[in-house]
Amino acid sequence: MTALPLSASETDTENTGSSVPPTIAIIIDDMGHNLQEGERLAQMDQPLTLAFLPYRRYTVPLAKLAHSRQKEIMLHAPMANTRNFELGPGGLTSDMDERRIATTLRRALQSIPYVQGVNNHMGSLLTQKLQTMDWVMQELRQYPIYFVDSRTIASSVAGDVARAYQIPSLSRDVFLDHEQTEEFVDRQFKLLIKRARENGSAIGIGHPHKVTVDYLEKHLPELDAQGVAIATISGLWAIRNGNREMFVEGEKQAIRPAYARKP
């Protein structure tokens with residue numbers, strides 16, 4: 001898997017002490033429902049990472065569009081939550097056995113064109129369950145796929161289990177828009193940049209709400225002037241890991257696409 005370009009040099013600041021600027025990555029979750037905002041996100045110039053729910057109406061066409069615009073594509077895997085919110089198709093629940101977890105996850109991966117990573121949609125219940133996360137990571141480790149723990153609950157073990165299976169793994173630092181006002185998004189976006197300045201890099205998660213898309217459309221072009229770079233998730237991983245490739249070619253099993261394709 002080749003990391004997409006950054007808006008600055010990709011040398012590893014933390015490991016080599018070179019002059020890479022503070023770098024953020026932004027994941028947009030819940031892609032696949034909203035065509036209009038999804039198209040706006042896909043068409044942005046910056047290297048966003050877009051996380052698609054499986055089997056939604058616009059998942060396949062938007063993922064194809066986003067890929068053609070150099071965006072990185074993830075599976076936003078629905079996982080059981082403590083509040084019993086409906087998961088929709090492709091959901092992973094606590095009553096599933098190992099075989100059903102593996103099959104459901106595999107089919108969801110196959111349904112997303114150009115998928116390179118996975119993060120959890122909700123999951124405050126499932127990501128606390130060591131056995132289930134073990135089954136999830138046993139399936140993911142077969143493919144050239146990274147994992148991002150959305151950390152919808154502080155006691156999540158998902159990231160730890162992914163690392164135990166040597167799956168490239170990162171964690172969310174800031175949620176951008178769980179309140180859908182410009183003032184809140186602005187505050188969270190500035191917090192994301194602050195974390196990146198403090199730690200070298202940081203990951204934010206947002207959603208295809210109009211207020212979020214409007215904000216990003218306006219403020220992402222200002223990052224260069226602020227001395228801040230933006231990268232895809234694989235680009236950020238490369239920065240943190242000496243600019244090396246996540247996977248050696250041929251070491252993992254390719255994901256066989258199983259989505260409807262136009263002739």
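Counting begins at 1 with the first residue of the sequence. Treat the numbers as computed from the prediction; the structure is a model and nothing was measured.
- The list of side-chain hydrogen bond (donor to acceptor under 3.5 Å, both in side chains) pairs with a residue in residues 49-58, not counting sequence neighbours, is empty.
- Residues in residues 103-128 take part in these ring-ring contact (aromatic ring centres under 6.0 Å, His included) pairs, two or more places apart or across chains: His67-Tyr114, His76-His121.
- For residues 138-155, the salt bridge (Lys or Arg N to Asp or Glu O under 4.0 Å) pairs, not counting sequence neighbours, are Arg106-Glu139.
- Sorted by first and then second residue, the salt bridge (Lys or Arg N to Asp or Glu O under 4.0 Å) pairs involving residues 78-98 (not counting sequence neighbours) form an empty list.
- The side-chain heavy atoms of Met74 and Tyr146, taken from C-beta on, include a pair separated by under 4.5 Å.
- Checked against side chain to side chain donor-acceptor pair (under 3.5 Å), Ser124 has the following partners two or more places apart in sequence or in another chain: Thr82.
- What you find for Thr104 and Gly90 is that their closest heavy atoms are CG2-O, 3.7 Å.
- Identified under the salt bridge (Lys or Arg N to Asp or Glu O under 4.0 Å) test for residues 193-211, with sequence neighbours left out: Lys194-Glu198, Lys210-Asp214.
- Looking at every heavy atom in both residues, Ile27 comes nearest to Ala51 through CG2-CB, 3.9 Å.
- Looking at heavy atoms from C-beta onward, Pro54 lies out of side-chain contact with Thr59 at the 4.5 angstrom threshold.
- Heavy-atom contacts from other residues, nucleotides or ligands closer than 6.0 Å to CD of Glu251 number more than 12.
- Residues Ile255 and Val136 share a single hydrophobic cluster, defined by chaining ILVMFWY side chains whose heavy atoms lie under 4.5 Å apart.
- For the residue pair Gln128 / Ser156, no side-chain donor-acceptor distance below 3.5 Å is found, with atom types taken as modelled.
- Put simply, the side chain of Asn119 does not reach to within 4.5 Å of the side chain of Phe147, judged on heavy atoms.
- A side chain to side chain donor-acceptor pair (under 3.5 Å) with Glu217 holds for exactly one of Gln46, Arg40, Gln43; it is Arg40.
- Taking Ile, Leu, Val, Met, Phe, Trp and Tyr as members and joining any whose side-chain heavy atoms lie under 4.5 Å apart, directly or through other members, Phe184 forms no hydrophobic cluster with any other residue.
- With sequence neighbours left out, the side chain to side chain donor-acceptor pair (under 3.5 Å) criterion links His178 to no other residue.
- Side-chain heavy atoms closer than 4.5 Å link hydrophobic residues (I, L, V, M, F, W, Y) into clusters, and following such links, possibly through other members, connects Leu62 to Leu109.
- By the rule that hydrophobic residues join a cluster once side-chain heavy atoms approach within less than 4.5 Å of another member, Leu41 and Leu35 end up as members of one cluster.
- Placement of Leu53 and Val118 in two distinct hydrophobic clusters is found when ILVMFWY residues are connected by side-chain heavy-atom separations under 4.5 Å, directly or transitively.
- The closest side-chain heavy-atom distance from Pro47 to Gln70 is not below 4.5 Å.
- Among pairs with a residue in residues 165-186, those fulfilling salt bridge (Lys or Arg N to Asp or Glu O under 4.0 Å) read Asp186-Lys190, at least two apart in sequence or across chains.
- One hydrophobic cluster, built from ILVMFWY side chains closer than 4.5 Å, cannot hold both Ile205 and Leu87; they sit in different ones.
- Using a 4.5 Å heavy-atom cutoff, the side chains of Ser201 and Ile24 are not in contact.
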Exercise for review: Show the numbers, then the answer: is there a side chain to side chain contact (heavy atoms under 4.5 Å, CB included) between Leu176 and Val174?
Suggested key: CA-CA 6 Å; Leu176 295 176; Val174 176; 4.3 Å; yes
Practice item. List the steps and the verdict of side chain to side chain contact (heavy atoms under 4.5 Å, CB included) for Val228 and Thr23. Key: CA-CA 6 Å; Val228 176; Thr23 303; over 6 Å; no
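- The salt bridge (charged side-chain N to carboxylate O under 4.0 Å, His left out) check on Arg163 picks up Asp160, with sequence neighbours excluded.
- Contacts of Ser68 classified as side chain to side chain donor-acceptor pair (under 3.5 Å), with partners at least two apart in sequence or in another chain: none.
- Listed by chain and number, the residues in a side chain to side chain donor-acceptor pair (under 3.5 Å) with Ser171 amount to none (sequence neighbours excluded).
- By the 4.5 Å heavy-atom criterion applied to side chains, Asn120 and Val148 are not counted as neighbours.
- Residues Ile145 and Ile167 fail the side-chain proximity criterion, which asks for heavy atoms closer than 4.5 Å.
- Leu92 has its side chain within reach of Met96: a pair of non-hydrogen atoms, C-beta onward, lies under 4.5 Å apart.
- Atom CD of Gln253 is surrounded by more than 12 heavy atoms from other residues, nucleotides or ligands within 6.0 Å.
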